[in-house]
Amino acid sequence: MLIRRSPDILPSEITDQDLYLNRRKFLTVAGVTLGAALVGGKTAPAFSALPPSMAVGESLLAAPSAFPNLRKSPLSARESPNSLRDITTYNNFYEFGTDKADPAQNAHTLVTRPWTVRIDGEVKRAQSVDVGTLMRWSPPEERIYRLRCVEAWSMVIPWVGLPLAAIIQRAEPTSRAKYVEFTTLNDPKQMPGQRRGVLDWPYVEGLRMDEAMHPLSILAVGLYGDILPNQNGAPLRLVVPWKYGFKSGKSIVRIRFTEQQPVTSWSKAAPGEYGFYANVNPAVDHPRWSQAKERRLGEFTKRPTLPFNGYAEQVASLYSGMDLRRFF
Ligand code: MTE
């Protein structure tokens with residue numbers, strides 16, 4: 001990173017997503033006092049301390065959860081999550097500005113409902129679905145994952161995620177599908193950062209089919225048990241915890257199955273710096289900085305970065321026989 005260069009929806013598609021999103025409206029109308037609310041058993045930061053756009057995710061601070069009876073996953077990391085404040089105020093989402101504080105300040109202009117995702121390419125039948133449908137295809141689970149940014153900072157985030165494999169199975173890719181491409185919304189009216197040529201918009205990311213089918217890969221719809229805040233990629237964002245954070249495209253509107261490896265935004269912008277695979281690898285430095293260590297938000301000393309971000313046992317076999325210096 002750090003490169004500075006210059007829907008229509010059918011009523012029948014509006015489903016149980018309405019149910020949980022309506023809670024937000026209720027909270028606003030009821031003027032709920034949020035400051036002392038608990039999140040995940042911990043005291044949440046005072047609401048007044050959060051930036052204005054947190055109104056977008058206001059229900060985050062109110063229990064009970066927007067996702068009742070959320071299944072806890074055995075795939076979760078056994079580490080303490082970062083605070084809600086860290087996770088929602090230190091972001092990369094260049095569609096809303098290139099400083100870490102910009103997305104929290106600016107992402108309130110993103111309209112996340114209604115939201116339709118186009119599923120097409122190498123599939124038996126192209127279709128458009130809403131987030132509620134995806135949630136029925138693949139029920140949400142709590143997944144506490146480490147996130148390691150290529151810029152050498154990291155966090156632990158308690159996502160609410162939909163296992164991607166179940167969604168892919170329902171999408172019915174053909175035998176020609178070898179990759180999955182994920183595309184972010186392209187709308188400079190809602191995403192003012194897209195008026196600047198920082199990247200060739202829209203933001204595109206991709207995975208090999210076996211990576212996308214891996215049990216760790218999810219589409220996040222929430223965090224800390226509640227609806228995903230806009231700055232974290234609402235309403236739907238990819239999370240692949242063994243890869244650098246830039247692989248996790250935010251605010252996804254299209255999932256396309258392809259025979260050829262997708263051309264991804266960062267590998268197009270700086271091919272010598274950001275590869276398609278982008279597996280966390282402390283042994284391969286970024287051309288401009290070391291990847292051996294990382295700064296976990298909230299910690300004073302740097303910690304060593306682990307191969308595949310600590311998920312080597314689960315994912316290293318996906319890359320057996322591959323030269324990970326060449327396929328970085
Ligand atoms: N997705 C889009 N659409 N635009 C972006 O700028 N930044 C990526 C990724 N997804 C980005 C994006 C990067 S570099 C990182 S590290 C993560 O989002 C950060 O996610 P977070 O802000 O929720 O921590």
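Both counts, for ligands and for their atoms, begin at 1 and track the order of listing. Below, all heavy atoms of this structure are taken into account, side chains as well, without hydrogens, waters or symmetry copies. What you see is a predicted model; the values in this text were computed from it and never measured. Residue numbers run from 1 in the order of the sequence given.
A side-chain donor from one of S154 and R296 sits under 3.5 Å from a side-chain acceptor of the other. With 3.5 Å as the limit, one finds no donor-acceptor pair spanning the side chains of T305 and Q291. Side-chain contact, E181 with T258: no donor N or O sits under 3.5 Å from an acceptor N or O. Side chains of Q190 and T109: no donor on one and acceptor on the other come within 3.5 Å. Side-chain polar atoms of S248 and R237 form a donor-acceptor pair below 3.5 angstrom.
Only the side chain of L147 comes within 4.0 Å of ligand 1, counting heavy atoms alone; its backbone N, CA, C and O stay farther away. The proximity of T184 to ligand 1, defined as any non-hydrogen pair under 4.0 Å, is limited to the side chain. Of all the heavy atoms of R237, the ones lying under 4.0 Å from any atom of ligand 1 belong exclusively to the side chain. Of all the heavy atoms of E95, the ones lying under 4.0 Å from any atom of ligand 1 belong exclusively to the side chain.
You'll find the ring centres of F308 and Y311 outside the 6.0 Å limit. Proximity of the aromatic rings of W153 and Y90 is defined here by a centroid distance below 6.0 angstrom, and this criterion is met.
What sits closest to atom 8 (C) of ligand 1 on the protein, heavy atoms only, is Y203 OH, 3.5 Å. In terms of protein heavy-atom proximity, atom 7 (N) of ligand 1 is nearest to N92 O, 3.3 Å. G245 O, 3.5 Å is the protein heavy atom nearest to atom 17 (C) of ligand 1. When hydrogens are left out, the protein atom nearest atom 16 (S) of ligand 1 is C149 SG, 3.4 Å; that is the closest non-hydrogen contact. Residue, atom and distance of the protein heavy atom nearest to atom 21 (P) of ligand 1 are K250 NZ, 3.4 Å.
Considering backbone and side-chain atoms alike, Y94 places an N or O below 3.5 Å from some N or O of ligand 1. Ligand 1 has an N or O atom lying under 3.5 Å from an N or O atom of N91, backbone or side chain.
Close to ligand 1: S248, with a non-hydrogen atom less than 4.0 angstrom away.
Separating the CE atom in M155 from the CZ atom in R148 is a distance of 13.0 Å, to the nearest 0.5 Å.
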